[in-house]
Every structure is written in C-alpha cells, then in structure tokens.
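Worksheet for the structure shown next.
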There are 2 protein chains.
Amino acid sequence: MIPDTVLAELRAALGDRLSTTDAERAVHGRNEAYHPEARPDAVAWPETTGEVSRILRACHGAGVPVTAYGAASSLEGQHLAVRGGLCLDMSRMGRLLSVRAEDLCCTVQPGLTRKRLNEELRATGLFFPVDPGADASLGGMAATRASGTTAVRYGTIRDNVLALEVVLADGTVIRTGSAARKSSTGYDLTHLMIGSEGTLGIITELTLRLHGVPEAVTAATCRFPDVASAVDCVILTIQSGLPVARIELLDQNMVRGFNLHSDAGLPELPHLFLEFHGTAAGVAEQADGFAAIAKEFGAEGMAFATRTEDRSALWAMRHDAHYASLALGGNRRIWATDVCVPISRLAEAVVWAQDEAARLGLTSTIVGHVGDGNFHCGVSLSPEDRDEVARVHDFTHRLAEQALALGGTISGEHGIGLGKRDMMAAEHGTALGAMRAIKAALDPKGILNPGKLLPEEA
Amino acid sequence: MIPDTVLAELRAALGDRLSTTDAERAVHGRNEAYHPEARPDAVAWPETTGEVSRILRACHGAGVPVTAYGAASSLEGQHLAVRGGLCLDMSRMGRLLSVRAEDLCCTVQPGLTRKRLNEELRATGLFFPVDPGADASLGGMAATRASGTTAVRYGTIRDNVLALEVVLADGTVIRTGSAARKSSTGYDLTHLMIGSEGTLGIITELTLRLHGVPEAVTAATCRFPDVASAVDCVILTIQSGLPVARIELLDQNMVRGFNLHSDAGLPELPHLFLEFHGTAAGVAEQADGFAAIAKEFGAEGMAFATRTEDRSALWAMRHDAHYASLALGGNRRIWATDVCVPISRLAEAVVWAQDEAARLGLTSTIVGHVGDGNFHCGVSLSPEDRDEVARVHDFTHRLAEQALALGGTISGEHGIGLGKRDMMAAEHGTALGAMRAIKAALDPKGILNPGKLLPEEA
C-alpha cells in the first residue's frame, strides 16, 4: 500500500503519468517467464532524472517499495513488484542523448531498447554489440548484467558501460565514470550498479561503448557427432585466439525444435552456429582456421553465409529458440534457466543437463553461448501439472548445484531476481554478508526492489 | 602504535615473520615517487590466507591500521603506512598456484609479480598481458587498478581478473567470482575490490585471465610534425577497428630524453611506438593499414621491427621513460602524474600540459597510452627547491582539473593514494557519499589503509 499523502505528492508531480488503474497494474505485474503475477500498487512514468529523484525522495520518506520496469524481458522476475509499492516504468526516458563517434561512445536514457539504439546509430558506422536476444531496454540490461551471443568477442554489458547516472534510494543523484576509457579513482560504483537488479539504485543515464561496424561478416554452421566433440572444437578455437564474434551450441533437441518451428531441415545432431567479424581477408582467414579445427573434431556439413539476408535468417532462427523450444514441447510453457561453467567443464555440464532432464522425464532444449561456457535450458511444462512443475524446479536447482560443483556460477546472464535467491548462499558463502552490508549502506530502508537478489536473512 | 598485546599475539602466530626493527620499518616506509617517508610500526610477512585472517582479526579488535605492501612500485604512495600500524608485506605469498590452460586462466597469490608470472607461463603458450612497466605484484596491480601499454588491446587489470579471495577488515575470508567467464549473480565484489587500494579488504588470491601468445608480433615506430597529428592518427586507427596491441605517444621532450638516456638518435619530434599481434597475415594487414592512416597525418620515418630482440630493445627504451625523464631534467627527481580523457580531447589535453609546464618553468616529458586517452607527465624537480616543488604541485593539480574540464578523470592508472585525495570531490561529487557509505559498511573501524583514497570528511 502506498500512503495517500505519497500518492498525492506523486500525482502533483506527474499528473496523468501516475496510474493506479487495475489495467496498468496488471500489465506491469506480468512476466515472460514462469513467475506468478505480482502487481504494483501504482505505476509512474518519469520523464527526467529530476522526477526520478523526487519520486524516490517521496517513497524513501514513507518506506514505499520502488521497482524499476524496462522492457519486462527479464527471465527471473526482476521487474515484478512482489512487495507492491511503486512500479517505475522507464519507457518515457527512452532517448539517445548523444553520440560521440570519435570517442566510440554514446549516452542514452535507460528506457531506450538495444534495437532502437542500433537503428539510430545506423548512419554512424558504429554499433552497440550486446545482444541478449530480446529487445531489452539498456537500463534493464545494465541492471541485470545482460550478455548474449556476441559476448565472446565484445564482452557483456559489464564491459560496454563506461559511466552511469544513478538515483540512490534517498533521491541523491550520482554519476559514476566518464567518457574516458579507464580510471583509477575510487570505488568502481559503475560495476557495483551493473547487475544489482535495481536493488541499489535506479539507472537514469548510461554512457555506452560503441564499436565500428565490421567491414566483413561471415556466418558459419556445422554439425558434430556429439556434444563433447562440438565443445572440444569450441575450446580449441578459443585457445587458438581465433576472434570469433559468435559461437553458439545447439543440442540435438534444440535442432529438432528448429526443424519443427522453422522447418529448418537440419540433421538432428549438435550444431555450432558462428559468426566472424573483421576485414575481408581477416574473416576469410578466421573461417579457414575454424574449418580446419572443426574438421579435427568430426564436423560435417560446414556451410558459410556472407549475404546479409542469409545471416539474418540464421540469427533470426537462433533468436527464436524460445519458440522452437515451445514447439518441441507441444506448445505448452517454457521455463528458461541458465548456468555458466569454466569452458573445460562445459561438455560435462551439457551432457549432465541432458541426462538429468531425461531422468526426470522432462523435455528440454539446450542452446549456449559456449565461448563463454554459458548455456540455457528451455524446459517445457504445463503450469497446471504440479508434479511436472516440481520436477522442473528440481531440475533447475540441481543444474545450478552442478554448475557450482564444476566451479561455475548459478547464472551466466539471467540473474537472480526471484528465481535463484535460495541459491545465493551456496554460491557466495561469506561474501553474502558483504553484499548485505552494501545493501544496508546504500538502501537502509530496503525500498529498492525488495524481495529480489538477496535471500531473506535466516 | 600497536598495543603490546597485539604484538605478542602476532609474534606468537608469525614468529620471526614479524619485525619491529628500524631497518625493516624504514625499508617499508619508502616509495619510488615524491611522497615523504612513512614508517609502519611493524612489518608482518604472512604466508597463508589463514594468517592474514588471523592478523586482521587481531588488528581489528584493537583498531590497529593495516596497510598492504606488494612491490612498492605504486606512484601515489598507496603502500605507505601514514597512520603507522602494521605493514602487511605480501612477498611470501608469491606463488603461481595453478594454471588452467583450457580455461585460459590461472590462480596466483598476490605477491607474485607480473614478470615472474609470465616467466612461469612460458611453456604454456599463454601470457598475462597487463604491463604497467614496473614489475609490480599482481595483488598490488589489482588493488590499484593498474593498466599500461597493452590495455588498448587486452584491457586493464579490471578486465583480466575473474575472481578474488579477499580478507575483510574483521578477518572474514570471502571469495568473489569463479573461473567461469561471466556471472549475473549478485553484487560485483570483484570489481569493487579492484582499485580500492587496500581500503576495503586484503587480496589473498587472484584468478587471472590469460591470452594465447600471438603467432606473430610486429612493432612499428614513426614520427609526426606535431602532437595533434599524432593523436588524430591514433583516433582514426582506433575508429577503424584496427586491433593495435600497443600504441604509445612520446612527445618531443620525451624523445629528447631517450636520446640523452639511451642514445636513441631519434629526430626530436612526437613519435608513436606501436605493436601489432595476430597471425602473420593479420599482422601484415594491420601494419599496412596503420601505415596508410599514418601517412595521411604526415608521418615520416616509418620503421617496423619483427625480430624479438629489436622489439625488446624498443619496449625496454619505452619502459625506461622514467630514467629518460630524469636525464632530461639533469638527473634530479621525477614527479610522475597521469590523467585520462576522452580520446577526442587528447590532443588538446597534451598540448595544454606542454604549454602549462613551460609557463610554470618546469621540465616535463609526456608519454601516453594514447589508445586509451591516458598520458603521463614526468616532471623534474629538486626536492629542496620549495618554490619548484610548489610549482610542480600546482601543475599536477591544474592538469587534473583540466582533465575533468575535458570530461575525463584525474587518474587513468596511478590512482589516488595520498596524492590526489583532495581532488576526489571534484571528480565524484555526490558519488563520494556512496563511496564513504561502502567504506563504513565494510571497514567500520577504518583500519584498512587509513588516510588513502577517500578525503577526510569536512
């Protein structure tokens, strides 16, 4: 519940950019993943940093929860207002503020989506590479430490944010970083905010690194007799210093899903989908180098695509993994989960996941950003089948435990949100105490996205 | 002063690895830069994480300051025990613990130096790229957020640490990160510790990213009619996506210093020194591409070096910049300072620094990691000449202000330590409050490296 005095103050500041209607509360209470609906008590659409600051000051005074909302594409319920309070919809702060081509950077508002940004950059010869699949908002991508298919070459969002403007819980506006490439002056608040899932502050501006659009791009696909051969090929490719821009593993189930969903006509074996970026000569050299390595591991059906439309079709298919997983599971629902392990343990982790899903009688696809050791399982389920839901929950939990046992992490990019809070202690142990101390220092009243990321104290 | 009870406890734990002799206190109270001597009350040489934890528990109980000491190569006095207390000399924790070639990473103790690490890695075909010039300890490099000549290609230490083990002020041992390439699980404590200059915790173990030794390496040198031409050449090189491994600017004074110190015989004009890493064909393509760009900006005397001994000689000369600066200034002392600006403002910043040094009657060299927008001034001074010392102080202060005015940062890699605390508020404004809150949360008694990084509260 939001006290009437606070609602009145917000309404005075925002006018009809504050809503308490059932319709808006319902829209903002949904998510793409498996989490139950959770409605905020009100939704605000700020247009300026000053408004965000004023809103937070009001909510801080009264102890009202505030949860930021971007494109709602997060997969662990990060944007759900599970304790009610105010939903801060950032969609009206969605402008590209400036491009500094010489400095290879731009400054954006948090509600701008990555695809819109790249459309607006088209004339500059520059692009923003981080690509989580969904057309996520850039503020949300930073808040959830997103990555995706190109991280193996260009890094995750963590590597591509130079500076932030953030409003703290009490309304204080801070700036972290600058357009300079590096700095050694004080605590790295930029990286502390990235991945904090809106629990330490609200991002109101981002300065992002841009990259030159490569002169030449070639995509490649090939298949392997088994997952281990495909992964071993990836390891040697990375070790050889071959600067692949994308290297994605699709297991045999995922390929079957693509055949069902996109009529892809692919042999139902593990595949790698790749992309090479560089000069024309460089790309040709990379493609030859990869083909030689792949052959050693029994790759067949090596095919290259250089025309834009062919490459776009390939990656559109890849980005439809969610729908292909749905098709494979008879168009029910998908519980998407991810883990990340040291690449030397990747084959073991993928095979373990396949076997475990089969053991539990579950239908699951695997698709992975394997250059990073990161992979996703898309497990089909019927929400009304309680036993199946329990088995999927068991699977995700055990997969995360297995990732830890292999020296990895319970999430490479989906994050914690609501879904994996109960495993934070298993991953972080005593470091959880340091995280709690930081949360208490920056948000002593606990108004920022309560119920997320950090588990309840015992 | 350290209470006798604490000294007795430490002596019981460490035996003769605790010293209170004047000789050891004096050795550990010195620095390579311009800061006055500051002796600790005692020096401890821990050998295990457990010992570091025990030491911190004892010091925390009694409120004894603890300052970590690596290779003492920091340039802003980061390792000086300005409030006395205990100096934690990490040199006995200097082992390479493990190499995971398949995962392109290794785990080291903090006292290992970067050159020793690369010697130990020689047989693996892998190397650790971060190169600040001095043979710094890896723990110190992480604590001070070091970078150097190769950051333009491989990133700074920030980009090359996967995980840390850290002992907090009260002795709690935490682990941040893992050997997995990425993670989205909780606050980024790894990056919070990197650059915290020993004020938030003591690093006791690091997992570092390694890179494959490139198949081919070519170095290049050329000269330009003026600094602006050289910098404009760098900007276009970076914008073109040419993956230079090193790109260093030397101003005309620096070149004069090399001629005096190394008998380099170079025309006294601004120079760029570069290095290209890749396949043989890739390196040749990069070198050709760079030569074409450089020609547009009036470069002359383009020379390439592919033999290891020729390249080593070139970079040895570059790494002797300190001594060359000394030679230029009549072998007095050098006050080294650095700033970093957006690359579009770099020419302006460098010319400003040259003019300002001349205006103040100072002799200064400039050498820069210009791909990052980062440059160093080596200003000659006689410590007994109070007026000159005041002018050098004025110069460094005004240079830092100028960097901020150009949208940059007061230090790209030397850090804050003692030297630039009074400028932290100018750079960070309200964000300083968030830094203080984090310091108070993790080190409530303020025992970790007191008197550094954060300015005194007004």
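First the proteins, then the strands, lettered A, B, ... as listed; each starts at 1.
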Under 4.5 Å from any heavy atom of chain A - which part of B:Ile343: both
Sidechain-backbone polar pair: A:Arg145 side chain, B:Gly186 backbone, donor-acceptor under 3.5 Å: yes
Option that, when pairs with chain A are counted at under 4.5 Å, heavy atom only, ranks first among B:Val339, B:Val166, B:Leu200: B:Leu200
Test item: B:Ser184 side-chain N/O and A:His414 main-chain N/O as donor-acceptor pair under 3.5 Å: no
Residue A:Thr156 versus chain B: region with a heavy atom under 4.5 Å: side chain
Part of A:Ile416 lying under 4.5 Å from any heavy atom of chain B: both
B:Thr176 portion near chain A, given a 4.5 angstrom heavy-atom threshold: neither
B:Asp372, part contacting chain A, at a heavy-atom distance under 4.5 Å: both
Donor-acceptor under 3.5 Å (B:His191 side chain, A:Thr190 main chain): no
Chain A contact via B:His211 - side chain, backbone, both or neither, heavy atoms under 4.5 Å: neither
B:Asp188 (side chain) donor-acceptor with A:Leu192 (main chain) under 3.5 angstrom: no
Which atoms of A:Met435 approach chain B - backbone, side chain, both or neither, heavy atom under 4.5 Å: both
Contacting region of A:Ala440 [heavy-atom separation from chain B under 4.5 Å]: neither
Atom group of A:Lys420 that falls short of 4.5 Å from chain B, counting heavy atoms: neither
Atom pair CD1 (B:Ile174) and CG (A:Leu432), whose distance is rounded to the nearest 0.5 Å: 10.5 Å
Heavy-atom donor-acceptor pair, A:Ser183 side chain to B:Gly412 backbone, under 3.5 Å: no
Heavy-atom contact with chain B under 4.5 Å, split by part of A:Thr144: backbone
CD on B:Gln239 to CG on A:Leu126, rounded to 0.5 Å: 7.0 Å
CD1-OH distance between A:Ile194 and B:Tyr187, expressed to the nearest 0.5 angstrom: 14.5 Å
For chain A, the option from B:Thr409, B:Ile238, B:Asp103 that forms the most heavy-atom pairs under 4.5 Å: B:Asp103
Check: B:His428 side chain, A:Thr185 main-chain N or O, donor-acceptor pair, under 3.5 Å: yes
Contacting region of B:Glu427 [heavy-atom separation from chain A under 4.5 Å]: side chain
Part of B:Val152 within contact of chain A (heavy atom distance under 4.5 Å): neither
Heavy-atom donor-acceptor pair, A:Arg181 side chain to B:Pro342 backbone, under 3.5 Å: no
